[in-house]
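Report on the following structure.
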Amino acid sequence: MQQGKIWVADHAGVYVIKMVGDVRLTLCMSFDQFISAMFEADDFASIIFDLTQAEAIDSTTLGLMAKISILAEQRKQLRPVIISTSPGINRLLDTMGFAEIFEIMTELPDKLKVSQCLEVSEMDEGTAKQKVLEAHRILMDLNDQNREVFQDLVKTLEDSST
């Protein structure tokens, strides 16, 4: 499996986020920083996720994606778009309840251009735990199935933080 990368671009307020390979926790710090900057931008208008080259996405990254959708709805009353042509990724999105908070397309439109690759940011163990905890709490709030799947992990992380 190819090491994960997240490519991003801003096209006059339309943000494109392309995930490639096996996208994991190691990118969550830089991804979260990008999310903050994106929502602070004056021209922020919409978000498109291109998952056509994603091989796997871990639950922390899925939680950050859900965070983007929730913030987009709260701040701009918009629903981000996910483009995914992989049956496996589509099953994962369906299982997580993403159809409730994203527009999901299974065909790739004209080429989406990305220009910047997010780098892996160093983070200490405490920061990593907090990011994982935040992402999984968001996923748990999406539906009862996610709550059941992630409740033990969240409890363990909460207990180890105190």
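Just so we're clear, the structure is a prediction, and the values are computed from it rather than from any experiment.
The structure places CG of Asp152 at 9.5 Å from CD of Glu148, a figure rounded to the nearest 0.5 Å. Between the CG atom in Asn146 and the OG1 atom in Thr95 there is a gap of 8.5 Å [rounded to 0.5 Å]. Taking CE of Met19 as the start and CG of Leu62 as the end, the distance is 8.0 Å to the nearest 0.5 Å. The CG atom of Asp43 sits 5.0 Å away from atom CG of Asp10, with the distance rounded to the nearest 0.5 Å. Put simply, CD1 on Ile47 and CZ on Phe39 are 4.5 Å apart, with the number rounded to the nearest 0.5 Å. One distance of note links CG of Leu64 with CD1 of Ile35; it measures 4.5 Å at 0.5 Å rounding.
Side-chain contact check for Glu73 versus Ile101: every heavy-atom pair is 4.5 Å or farther apart. The shortest side-chain heavy-atom distance between Asp94 and Asn90 does not fall under the 4.5 Å cut-off. Residues Phe98 and Leu139 have side chains in contact (heavy-atom distance under 4.5 Å, counting atoms from C-beta outward).
Note: Tyr15 and Phe44 have tilted aromatic rings, judged against thresholds of 30 and 60 degrees for the angle between ring planes.
Counting non-hydrogen atoms of neighbouring residues, nucleotides and ligands closer than 6.0 angstrom, the CZ atom of Arg147 exceeds 12 such neighbours. Other residues, nucleotides and ligands contribute more than 12 heavy atoms inside 6.0 Å of the CD atom of Gln77.
Checked by atom type, the side-chain pair Thr61/Asp58 shows a donor-acceptor distance below 3.5 Å.
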Let's go through Ile138 and Phe150 carefully: what are the C-alpha distance in whole Å and the side-chain angles of both, what is the deciding distance for side-chain contact (heavy atoms from CB on, under 4.5 Å) to 0.1 Å, and is it a yes or a no? CA-CA 10 Å; Ile138 291 168; Phe150 296 118; over 6 Å; no

Could you walk me through whether Met65 and Leu51 pass the side-chain contact (heavy atoms from CB on, under 4.5 Å) check? CA-CA 12 Å; Met65 290 174 66; Leu51 305 183; 4.0 Å; yes

Kindly determine whether Phe34 and Ile17 satisfy side-chain contact (heavy atoms from CB on, under 4.5 Å), including the steps that lead there. CA-CA 10 Å; Phe34 170 78; Ile17 302 168; 3.8 Å; yes

Pair Val16, His11 - check side-chain contact (heavy atoms from CB on, under 4.5 Å), show working. CA-CA 8 Å; Val16 178; His11 301 286; 3.7 Å; yes

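Among the candidates Leu25, Val23, Ile68, the single residue satisfying the side chain to side chain contact (heavy atoms under 4.5 Å, CB included) test with Phe31 is Ile68.
Evaluation of the ring pair (Phe, Tyr, Trp, His ring centres under 6.0 Å) test over residues 55-76, restricted to residues two or more places apart or in two chains, returns none. A ring pair (Phe, Tyr, Trp, His ring centres under 6.0 Å) check over residues 52-80, counting only residues at least two apart or in different chains, returns nothing.
The backbone N or O of Glu100 lies less than 3.5 Å from a partner atom in the side chain of Arg79, making a donor-acceptor pair. Distance alone, capped at 3.5 Å, places no donor-acceptor pair between the Asp50 side chain and the Lys18 backbone. The closest donor-acceptor contact from the side chain of Ser84 to the backbone of Ile89 lies at 3.5 Å or more, if one exists at all.
By the 4.0 Å N-to-carboxylate-O rule, Arg137 lies too far from Asp141 to be salt-bridged with it.
Taking each heavy atom of Thr60 and Ala135 in turn, the nearest pair found is O-CB, 3.3 Å. In plain terms, the two heavy atoms of Asn143 and Gly97 that are nearest each other are ND2-CA, 3.5 Å. Closest non-hydrogen pair, Ala56 versus Asp22, comes out as CB-OD1, 3.3 Å.
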